[in-house]
Amino acid sequence: MKRKNFFRVKPILVGEFGPVREDIKFRGGDPFKAETVPSYLFYLESGEKHIVVDTGLNPSQETAQLVGLECKGEDLADLLQQESIDPEKVDLVICTHLHWDHVGNLELFKKARIVCQRSEIGWAFSPPHWEMGYLRVFLEPLWEASERILAVDGNMKLFEGINLIKVGGHTPGSQVVEVDTAEGKVVIAGDLIMSFENLQREWPIGLFWSLEECMRGIRYLREQDVLVLPGHDWKVGDIDSIG
């Protein structure tokens, strides 16, 4: 019988940004309540395989000016060095979606294949003219690495221990990443859910492409016997590593 391939999952707090309104985090939330939220990178390791899921925000002044939010954080290269992670050894970068706070440091991973849903990268390579200047700052590293992009269509077993599930909802090509660990299955949910509360209360986010897809994705997660890691919950930072 073939031994199952297990990964270790380590969340890394890249930075924070805000204020983010409650009605963005929760559909029907209070637009007059807002708070700062965290931004994470997830490092997956198994033997010789080194994988990153999302690359967090780039807390530069330029980023802050473009998005109109206060952005704080350390240089990601320094954070990775502190964790003894060599970006040159990362084989894959899996993007749950292509928003600015999830692809902010793609240029660090010069040898990695970049995995996205095909329906997600369509608008990234052909944005409307009024978004061109805004997107160029965040997605130029993706454009420049176009020969390294692995575009997938729908659900896919990437290899033993890693499954991609296309959920849509937040963006057309949002996907979640299912990871087998020695402690059980972990799902990195991107912004399908921004906090644990979205899942616990079955309360969709307020920033969505398709509400129907958001609800379908949340119900899928609730049916699984897994640990789900949301995109912007401070409690994720309390986790050292899994597996």
Side-chain angles (χ1 to χ4, degrees), residues 12 14-15 17 20 24-25 37-44 51-60 62-64 66-69 71 73 76 87 90-110 112-156 158 162 164-178 187-194 205-210 213-214 217 229-232:
I12 297 176
V14 177
F17 63 94
V20 176
I24 289 177
K25 295 168 62 180
V37 300
S39 175
Y40 295 103
L41 170 153
F42 297 89
Y43 177 64
L44 282 50
I51 299 168
V52 161
V53 179
D54 290 344
T55 57
L57 65 81
N58 184 332
S60 68
E62 185 177 24
T63 298
L66 281 167
V67 299
L69 299 169
C71 301
L76 182 58
V90 171
D91 310 295
L92 289 174
V93 172
I94 303 172
C95 300
T96 62
H97 62 295
L98 297 176
H99 279 168
W100 66 275
D101 52 317
H102 292 258
V103 297
N105 303 277
L106 275 175
E107 66 276 4
L108 284 179
F109 305 96
K110 302 182 186 304
R113 301 279 318 261
I114 300 168
V115 184
C116 306
Q117 288 288 329
R118 190 178 303 276
S119 56
E120 183 72 2
I121 66 174
W123 64 264
F125 281 86
S126 302
H129 67 86
W130 60 86
E131 288 187 331
M132 181 65 76
Y134 174 89
L135 289 174
R136 181 174 296 281
V137 173
F138 303 118
L139 293 178
E140 190 165 10
L142 182 71
W143 299 345
E144 292 178 349
S146 59
E147 74 284 353
R148 290 190 282 118
I149 293 174
L150 172 60
V152 301
D153 291 299
N155 300 350
M156 178 181 180
L158 203 53
I162 303 282
L164 307 178
I165 307 296
K166 182 184 177 184
V167 292
H170 181 54
T171 62
S174 284
Q175 61 184 352
V176 303
V177 184
E178 296 184 344
V187 175
I188 301 169
D191 283 355
L192 173 63
I193 59 170
M194 294 186 182
I205 58 174
L207 182 61
F208 54 79
W209 172 266
S210 166
E213 289 177 352
C214 278
L229 300 178
H232 298 290

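Everything numeric in this text was worked out from a predicted model, so none of it was measured.
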Roughly how far, to the nearest 0.5 Å, is the [atom2] atom of [Y] from the [atom1] atom of [X]?
X    : Y   : atom1 : atom2 : result
S174 : L98 : OG    : CG    : 9.0 Å
R113 : I51 : CZ    : CD1   : 12.5 Å
L76  : L57 : CG    : CG    : 9.5 Å
I94  : F42 : CD1   : CZ    : 12.0 Å
N58  : L66 : CG    : CG    : 11.0 Å
L106 : T55 : CG    : OG1   : 4.5 Å

Hey, are the side chains of [X] and [Y] touching, using non-hydrogen atoms and a 4.5 Å cut-off?
X    : Y    : answer
Q175 : M156 : no
D101 : D191 : yes
V187 : I165 : no
V67  : F17  : no
L92  : L158 : yes
V177 : L164 : yes

**Message:** Main chain of G173, side chain of Q117: is a donor-acceptor contact present, judged purely on distance under 3.5 Å?
**Reply:** no
What is the minimum heavy-atom distance between [X] and [Y], and which atoms define it?
X    : Y    : value
C116 : I121 : CB-CG2, 3.4 Å
A151 : R118 : O-NH2, 3.5 Å
K166 : N155 : N-OD1, 2.9 Å
F208 : C214 : CB-SG, 3.6 Å
H97  : V103 : O-CG1, 3.9 Å
E107 : P141 : OE1-CG, 3.5 Å

**Request:** Starting from the C-alpha separation in whole Å, work towards a yes-or-no answer on side-chain contact (heavy atoms from CB on, under 4.5 Å) for V20 and M194.
**Result:** CA-CA 11 Å; V20 176; M194 294 186 182; 5.6 Å; no
**Prompt:** Do T96 and D54 meet the criterion of a side-chain donor-acceptor pair at a distance under 3.5 Å?
**Reply:** yes
**Request:** Would you check, one step at a time, whether the test side-chain contact (heavy atoms from CB on, under 4.5 Å) holds for H170 with I205?
**Result:** CA-CA 8 Å; H170 181 54; I205 58 174; 3.2 Å; yes
